[in-house]
Amino acid sequence: MKRMTYIMLALILLLCSCGQPSATGDDENTIPTWQEQYDLGVRYLSEGNYEEAIIAFTAAIEIDPKQAAAYVGRGDVYVALAGQETDRSAALDLREKAIADYERALELGGTQAERKLEESRKLIQQLRAEADAQPLLETLYVRFAEDDIEGAKALMRQADYRELSTLISEDSYHYDHGDGSGIAVYPNNFYYFGQWENGVRSGQGLWICAAFEDDSDVESYTYEGAWADDRPNGEGHIVWNRYPEKIQVEPNHTTSVKTEVTGAFTNGLYHGTIYETWNMNDGSILVWSPIIAVNGVYQPMQNVPDEVKNRQYYQDSVSSGMYIVALDQDNQRTDLWNSGEVNAVQGFDEGT
């Protein structure tokens with residue numbers, strides 16, 4: 001009887017052991033632990049297998065929904081996917097999922113989620129602002145495409161366009177027309193209209209600002225010409241217009257109401273032979289002799305005529321550290337001086 005009892009007990013123990021996970025985790029019936037699923041998610045994330053990473057982190061959450069790390073991991077996957085997404089709506093959805101996971105992780109005490117949550121909220125705010133910018137940029141694109149520059153200027157001076165520029169902390173908001181051309185808005189009310197290649201300004205394009213402070217006498221500033229590597233590179237033409245009625249000038253003095261600069265540019269800096277023309281407020285026009293610029297700096301003019309050197313104004317300017325860079329070709333005026341300042345397309349003052 002005792003023998004039978006021992007046999008039955010052995011069978012019961014054997015049957016019970018068949019349903020237990022193996023100590024090594026090699027049994028096909030092994031139930032994965034939270035840590036195993038989390039580690040799997042981390043591995044997939046590091047390898048760029050984002051879909052698999054989401055499955056693994058989600059499984060970890062289902063096993064133990066109170067582990068903050070799994071929410072952080074899945075949030076990181078959503079952020080990575082959003083960075084690859086070209087569709088703005090889909091990118092917004094992924095960012096919102098990441099925010100939800102980071103918020104849950106923070107609730108569970110996962111302090112590592114705090115910085116990521118703040119960054120994600122900032123990014124989603126930018127994405128929403130860029131989405132709101134699209135109809136404004138599309139309308140402005142049409143004005144430029146129709147060569148209605150004055151109409152484009154009027155739009156850029158409206159409150160909604162000015163506000164659009166202030167929302168940009170860096171980079172730009174871009175509208176892609178789909179044919180290699182597009183338009184973008186930048187800080188300080190600058191816009192680019194023209195050709196793009198691989199997401200950067202490349203080819204022919206117009207760089208323009210037509211909205212300045214109320215007390216400014218500047219009406220508009222434009223650079224139109226060649227672009228490469230997202231900067232003015234090659235031949236280009238600058239026009240700087242001012243409001244004559246806003247200009248304050250001393251009696252018996254004149255000043256330019258329209259300055260035109262034509263020449264070569266490198267990374268936004270004047271570099272090569274430069275030609276300047278000034279349209280003065282008294283109706284006269286000053287056409288300056290060719291200027292040589294090196295990395296934005298106008299070089300001293302060679303072979304200055306003796307009659308110019310003998311002028312007291314010339315001697316006083318030289319003694320103060322200035323040097324003449326060009327003469328007005330009609331009457332030998334010497335108003336174009338420099339002391340080493342860098343000349344650049346506005347917005348590219350440091351060649352960046």
Salt-bridge criterion met for [X] and [Y] (N-O under 4.0 Å):
X	Y	value
Arg104	Glu107	yes
Asp93	Lys97	yes
Arg121	Glu118	no

Taking [Y]'s backbone N and O only, do any of them form a donor-acceptor pair with [X]'s side chain (distance below 3.5 Å, no angle check)?
X	Y	value
Thr273	Ile292	no
Asp179	Ser181	yes
Tyr173	Ala129	no
Gln134	Glu130	yes
Gln195	Gln204	yes
Asn188	Phe190	no
Asn49	Glu52	no
Asp328	Val287	yes
Lys246	Asp214	yes
Asn343	Val297	no

I want to know whether [X] and [Y] have ring centres closer than 6.0 Å.
X	Y	answer
Trp207	Tyr192	no
Phe57	Tyr38	yes
Tyr223	Phe265	yes

Just one of Phe193, Phe348, Trp196 clears the ring-ring contact (aromatic ring centres under 6.0 Å, His included) bar with Trp227, so which one?
Phe348
Mind checking whether [X] and [Y] have side chains closer than 4.5 Å, heavy atoms only?
X	Y	value
Ile324	Ser317	no
Ile274	Val261	yes
Val342	Tyr270	no
Leu155	Phe144	no
Leu81	Ile54	yes

Between [atom1] on residue [X] and [atom2] on residue [Y], distance to nearest 0.5 Å:
X	Y	atom1	atom2	answer
Tyr186	Ser165	OH	OG	11.5 Å
Lys122	Arg95	NZ	CZ	13.0 Å
Asn189	Phe212	CG	CZ	8.0 Å
Ser220	Arg157	OG	CZ	6.5 Å
Trp288	Trp278	CH2	CH2	5.0 Å
Thr259	Trp240	OG1	CH2	7.5 Å

Using the side-chain contact (heavy atoms from CB on, under 4.5 Å) rule, take Leu206 and Thr222 through it: C-alpha gap first, then chi angles, then the decisive distance, then the call.
CA-CA 7 Å; Leu206 173 67; Thr222 63; 4.0 Å; yes
For a quick check under 3.5 Å, do [X] and [Y] share a side-chain donor-acceptor pair by atom type?
X	Y	result
Arg74	Thr58	yes
Tyr298	Glu276	yes
Tyr102	Asp76	yes

CA sep, side-chain torsions, deciding dist, call: Gln67, Leu108, side-chain contact (heavy atoms from CB on, under 4.5 Å)
CA-CA 7 Å; Gln67 293 284 352; Leu108 294 170; over 6 Å; no
Taking it one step at a time, do Val257 and Asn241 satisfy side-chain contact (heavy atoms from CB on, under 4.5 Å)?
CA-CA 6 Å; Val257 295; Asn241 286 309; over 6 Å; no
Got more than 12 heavy atoms from elsewhere within 6.0 Å of CD, Glu213?
no
Tyr175 and Tyr141 aromatic ring geometry - parallel, tilted or perpendicular at 30°/60° bounds
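Because their plane-to-plane angle is over 60°, the rings of Tyr141 and Tyr175 count as perpendicular.
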For a side-chain contact (heavy atoms from CB on, under 4.5 Å) check, start with the C-alpha distance between Val308 and Arg311, then their side-chain angles and the critical distance, and finish with the verdict.
CA-CA 5 Å; Val308 173; Arg311 297 174 187 170; 4.1 Å; yes
